[in-house]
Visitor: 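A single structure is presented below for examination.
The shown structure was predicted, so the numbers you read here are calculated from the model rather than taken from an experiment. Just so it is clear: chains get the letters A, B, ... in the order the sequence lines come, proteins before strands, and each one is counted from 1.
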Amino acid sequence: MTQPKQFRASKGTRDILPPDSALWNWFEQTAREVFGTYGFGDIRTPIFEETQLFARSIGTDTDVVSKEMFTFQDPLAPEELVRKVVERGFDATKVHVAGGQAPKAIWDALSEFEWLTLRPEATASVCRAYIEHGMHVLPGNVKLYYVGPMFRRERPQKGRYRQFYQIGAEVLGQSDAPAIDAELLEMLMVFFKRVGLTRTTLYVNSIGDKNCRPQYVELLRHELLQVKDQLGPDSRRRIETNPLRVLDSKLPHEQAIIAKLPRISDHLCAECREHFARLKDELKLRGIAYEENWRLVRGLDYYTRTTFELIAEGLGSQNAVCGGGRYDGLIELLAGPPTKGIGFAIGSDRAILSIRESGDLPRLPGLDVFVAWMGLSTYAAAVAIARKLRESGVSVELPGEEMKFKKSLNLADKLGARYALIIGSDEVASGTFTLKRLADADQKKLSEYELLEYLESEKRGTRG
RNA sequence: GUGAGCGUAGCUCAGCUGGUAGAGCAUCGGUCUGUGGCACCGAGGGUCGCGGGUUCAAACCCCGUCGCUCACCCCA
């Protein structure tokens, strides 16, 4: 007789339970409110997309695409398979429909449609949706935000999960005015202030565009080759794969070497230099504190010009709570019309972790009233008043079976109720209710009208 | 993918040089049939992650394995 197996959440995933989930809801709701005031609208895109969408936008050589994606094969039904095979000009008779099997060459040819991936980020999806729905014809800039889970197959550690949550915003349209970048950063900082995350540092940089960056990368590679034997194995490898990332190295003994490397700010083309300078003016205009970080490069291929990152305290070595930048060529790369774009993604797990560490938690609404009824003769009155209180927005716990009075007050206390509503035979006889404030034991007799009136005004007075 | 640390009750942990399991908190009940937080009494809850080995005897020693955590890589 073996015990049935117990299940646990998969590696890198976790449950968010009450009361933690209330903190999460508050965090995400605050983002919705702030972003709304800047004219952003909510976009909900699928959790999975064709693998090719991510491969093409993020870049085949990035870590995210090359080793971190959850990818699976869409099990095509035989008739779907035949249809797709015929559409693509293959001989349908070569498909063994009965077994759902097809020759490898045909599978390979179909792979563009057949492979699906759990989204590792959402910018690609937003861009796909922008193109798919012809949003370039919408008036003004298209401003969208999203809230939801992302998936990357990594080894979990503090502030890093396989299913993690992001809040992101994107601005798409014809303009790449630095004011757009600055306003996006302003919105970001306003949000972080609203949720009490003030001890953060905003780093900004410009990594050039397709005109000037390739030349700089070559120069950097050339310089790195001169000092190759002084670098560690990781940095050596990056000389070939992505020289920019060497700048990001944290190895102590490499710092002196990195400090002498050529900086992109000295090698930007005139347009990029102008764009970056005006961005910094705009940030000053808006009173946004930032630090210029010439070593700030981003890991995804689509970034151009403006890049930024927000670092918070109280985290482990994964201390970036937000990252983003401009991606002016991405829409075209995805076969869309010429379009400029910029966006960011906030790591909610990390942001909430940091808020927790700072100890500055918001007071979130809990249970308002516990109904302590005594004896079956009072039950009907208890049920009726519970319903009325709930209708007016008060949260109420009503025991479904009789319990000792002491025990019900005890339970009210343990559940964290603000009030106990006492209903005994006296109250029923006089048509009143006894409301007891549990924090200080203060209690008063009220009519139904007075009770509703009192609790509703209490509710309005309570922030949150 | 690489490295390190840790797996004993729901949670936090104790358990000596091997002698077949404990505390606090939590839960439930009682003291206590109209006033909670406190106190006291009691109860339930563990094949000590799993498998193998050594031994008269393993939570403890050895090997393997799985899981968790942190770090590297990289990113939010």
Visitor: Just checking A/T62: base, sugar-phosphate only, or nothing, at a heavy-atom cut-off of under 4.0 Å?
Guide: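 No contact.
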
Visitor: Any Lys/Arg nitrogen of A/R162 or A/E154 sitting under 4.0 Å from an Asp/Glu carboxylate oxygen of the other?
Guide: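 No, this pair does not count.
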
Visitor: Start at the 5' end of RNA chain B and walk down; is the nucleotide closest to A/I346 or to A/R153 reached first?
Guide: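 Between the two, 5'-proximity favours A/R153.
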
Visitor: Rounding to a whole Å, what distance do you find between A/L438:CG and B/rC38:P?
Guide: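 Taking CG of A/L438 and P of B/rC38, I get 13 Å after rounding.
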
Visitor: Side-chain N or O of A/Q157 less than 4.0 angstrom from OP1 or OP2 on B/rA71?
Guide: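 Yes.
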
Visitor: How far does the C1' atom of B/rU47 sit from the matching atom of B/rA9, given to the nearest Å?
Guide: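 Straight-line distance between the two C1' atoms is 14 Å.
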
Visitor: Would you indicate what A/E121 reaches in the nucleic acid, counting non-hydrogen atoms under 4.0 angstrom: base, sugar-phosphate, or nothing?
Guide: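 Nothing, no nucleic acid heavy atom in range.
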
Visitor: What distance, rounded to whole Å, do you find between the two P atoms, one in B/rG67 and one in B/rU54?
Guide: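 These two P atoms come out 28 Å apart once rounded.
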
Visitor: Whether A/R32 and A/D42 form a salt bridge (side-chain N of Lys/Arg under 4.0 Å from carboxylate O of Asp/Glu) is what I want to check.
Guide: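 So A/D42 pairs with A/R32 through a salt bridge.
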
Visitor: Which one is paired to B/rU12, where only Watson-Crick or G-U wobble pairs with both distances under 3.5 angstrom count?
Guide: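 Here B/rU12 is engaged in a pair, and the nucleotide opposite it is B/rA23.
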
Visitor: Please name the nucleotide paired to B/rA39 by Watson-Crick or G-U wobble geometry with both distances under 3.5 Å, or report none.
Guide: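 Its partner is B/rU31 (Watson-Crick or G-U wobble, both distances under 3.5 Å).
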
Visitor: Tell me, please, whether A/F276 has A/K280 positioned over its six-membered ring: NZ or CZ under 6.0 Å from the ring centre and within 45 degrees of its axis?
Guide: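 Yes - A/K280 lies over the ring of A/F276, closer than 6.0 Å to its centre and within 45° of its axis.
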
Visitor: Distance check, rounded to the nearest 0.5 Å: A/S10 atom OG versus A/Q163 atom CD?
Guide: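 Taking OG in A/S10 and CD in A/Q163, the distance rounds to 9.5 Å.
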
Visitor: Compare side-chain N and O positions of A/K158 against OP1 and OP2 of B/rU69 and report whether any pair is under 4.0 Å apart.
Guide: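 Answer is no, no contact under 4.0 Å.
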
Visitor: Any base atoms under 4.0 Å from A/G316, or only sugar-phosphate, or nothing? Heavy atoms, all strands.
Guide: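 Result for A/G316 = sugar-phosphate.
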
Visitor: So, under a plain 3.5 Å distance rule, would you say the side chain of A/R160 forms a donor-acceptor pair with the base of B/rC74?
Guide: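 Side chain to base: pair found, below 3.5 Å.
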
Visitor: Select base, sugar-phosphate, or nothing to describe what A/I422 touches, counting heavy atoms under 4.0 Å on all strands.
Guide: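 Base, at least one base heavy atom under 4.0 Å.
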
Visitor: Need the pair for B/rU69. Rule: Watson-Crick or G-U wobble, both distances under 3.5 Å, any strand; none if unpaired.
Guide: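 Here B/rU69 is engaged in a pair, and the nucleotide opposite it is B/rA4.
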
Visitor: Tell whether A/K404 reaches the base of B/rU33 with its side chain through a donor-acceptor pair below 3.5 angstrom.
Guide: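 No, the side chain and the base share no sub-3.5 Å donor-acceptor pair.
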
Visitor: What is the ring orientation for A/F35 with A/F344, classed by angle as parallel under 30°, tilted 30 to 60°, or perpendicular over 60°?
Guide: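 Ring orientation of A/F35 relative to A/F344: perpendicular.
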
Visitor: Roughly how many Å apart are B/rG7 and B/rC60, using the C1' atom of each and rounding to a whole number?
Guide: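 It works out to 14 Å between them.
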
Visitor: Kindly say whether, by distance alone, the side chain of A/R298 makes a donor-acceptor pair under 3.5 Å with the base of B/rC74?
Guide: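 Absent.
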
Visitor: Counting distance alone, no hydrogens or angles: does the base of B/rG36 have a donor or acceptor under 3.5 Å from a partner atom on the side chain of A/D413?
Guide: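 Donor-acceptor pair under 3.5 Å: yes.
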
Visitor: Could you tell me whether A/E402 contacts a base, only the sugar-phosphate backbone, or nothing, with contacts defined as non-hydrogen atoms closer than 4.0 Å?
Guide: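 Contact class for A/E402: none.
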
Visitor: To the nearest Å, give me how far apart CH2 (A/W373) and C1' (B/rU33) are.
Guide: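 Interatomic distance, CH2 of A/W373 to C1' of B/rU33: 14 Å.
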
Visitor: Please measure how far the C1' atom in B/rG49 lies from the corresponding atom in B/rU69, and state the result in whole Å.
Guide: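 Looking at atom C1' only, B/rG49 and B/rU69 are 15 Å apart.
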
Visitor: Please confirm whether A/R326 makes a cation-pi placement over A/Y303, using NZ or CZ under 6.0 Å from the six-membered ring centre and within 45° of the ring normal.
Guide: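 Pair A/R326/A/Y303 does not count as cation-pi.
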
Visitor: For the side chain to side chain contact (heavy atoms under 4.5 Å, CB included) test, which of A/L330, A/I331, A/L334 pairs with A/T339?
Guide: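 With A/T339 as partner, side chain to side chain contact (heavy atoms under 4.5 Å, CB included) holds for just one option, A/I331.
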
Visitor: Please work out if A/G424 contacts a base, only the sugar-phosphate, or nothing of the nucleic acid, heavy-atom cut-off 4.0 Å.
Guide: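 Here A/G424 touches the bases of the nucleic acid.
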
Visitor: What's the OH-C1' distance between A/Y302 and B/rC75, to the nearest Å?
Guide: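 Nearest whole value for this atom pair: 11 Å.
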
Visitor: Using the C1' atom in both, what is the distance from B/rA39 to B/rC32, to the nearest Å?
Guide: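 After rounding to an integer number of Å, I get 13 Å for this pair.
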
Visitor: For A/L118 and B/rA76, what is the distance between atoms CG and C1' respectively, to the nearest whole Å?
Guide: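 In whole Å, B/rA76 C1' and A/L118 CG are 16 Å from each other.
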
Visitor: What interatomic distance, in whole Å, is found between C1' of B/rA59 and the corresponding atom of B/rU8?
Guide: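 Pairwise C1' distance, B/rU8 against B/rA59, rounds to 7 Å.
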
Visitor: Examine B/rU33: is either OP1 or OP2 under 4.0 Å from a nitrogen or oxygen in the side chain of A/K407? Give yes or no.
Guide: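 False: A/K407 side-chain N/O out of range (4.0 Å or more) of B/rU33 OP1/OP2.
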
Visitor: Can you say whether a donor on the side chain of A/E154 sits under 3.5 Å from an acceptor on the base of B/rA76, or the other way round?
Guide: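 Yes, a donor-acceptor pair under 3.5 Å.
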
Visitor: For RNA chain B, whose closest nucleotide is more 5', that of A/N319 or that of A/A441?
Guide: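 Mapping each residue to its closest nucleotide by heavy atoms, the 5'-most match is A/A441.
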
Visitor: Which one is paired to B/rU17, where only Watson-Crick or G-U wobble pairs with both distances under 3.5 angstrom count?
Guide: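 Across any shown strand, B/rU17 pairs with none.
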
Visitor: Rounded to whole angstroms, how far apart are CZ on A/R155 and P on B/rA4?
Guide: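 Whole-Å distance recorded here is 11 Å.
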
Visitor: Using atom C1' of each nucleotide, how far apart are B/rA71 and B/rA14 to the nearest Å?
Guide: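 The answer is 29 Å between these two C1' atoms.
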
Visitor: A/F151 near the nucleic acid: base, sugar-phosphate alone, or nothing, with a heavy-atom cut-off under 4.0 Å?
Guide: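 Result for A/F151 = nothing.
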
Visitor: Go ahead and name the base partner of B/rC61; Watson-Crick or wobble counts if both distances stay under 3.5 Å, otherwise write none.
Guide: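 Its partner is B/rG53.
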
Visitor: Between C1' on B/rG36 and CE on A/M403, what's the gap in Å once rounded to a whole number?
Guide: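 Checked: the CE to C1' distance equals 11 Å.
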
Visitor: Once you round it to whole Å, what is the distance between P of B/rU35 and CG of A/D426?
Guide: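 Distance check: A/D426 CG to B/rU35 P gives 12 Å.
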
Visitor: Is A/A412 touching bases, backbone alone, or none of the nucleic acid, heavy atoms closer than 4.0 Å?
Guide: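 It contacts nothing in the nucleic acid.
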
Visitor: Could you give the distance separating B/rC68 and B/rA58 at their C1' atoms, to the nearest angstrom?
Guide: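 Looking at atom C1' only, B/rA58 and B/rC68 are 24 Å apart.
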
Visitor: Are the charged groups of A/R305 and A/D176 less than 4.0 angstrom apart, N to O?
Guide: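 A salt bridge links A/R305 with A/D176.
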
Visitor: Does B/rC72 have OP1 or OP2 sitting under 4.0 Å from an N or O in the side chain of A/S317?
Guide: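 For B/rC72, OP1/OP2 do have a side-chain N/O of A/S317 under 4.0 Å.
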
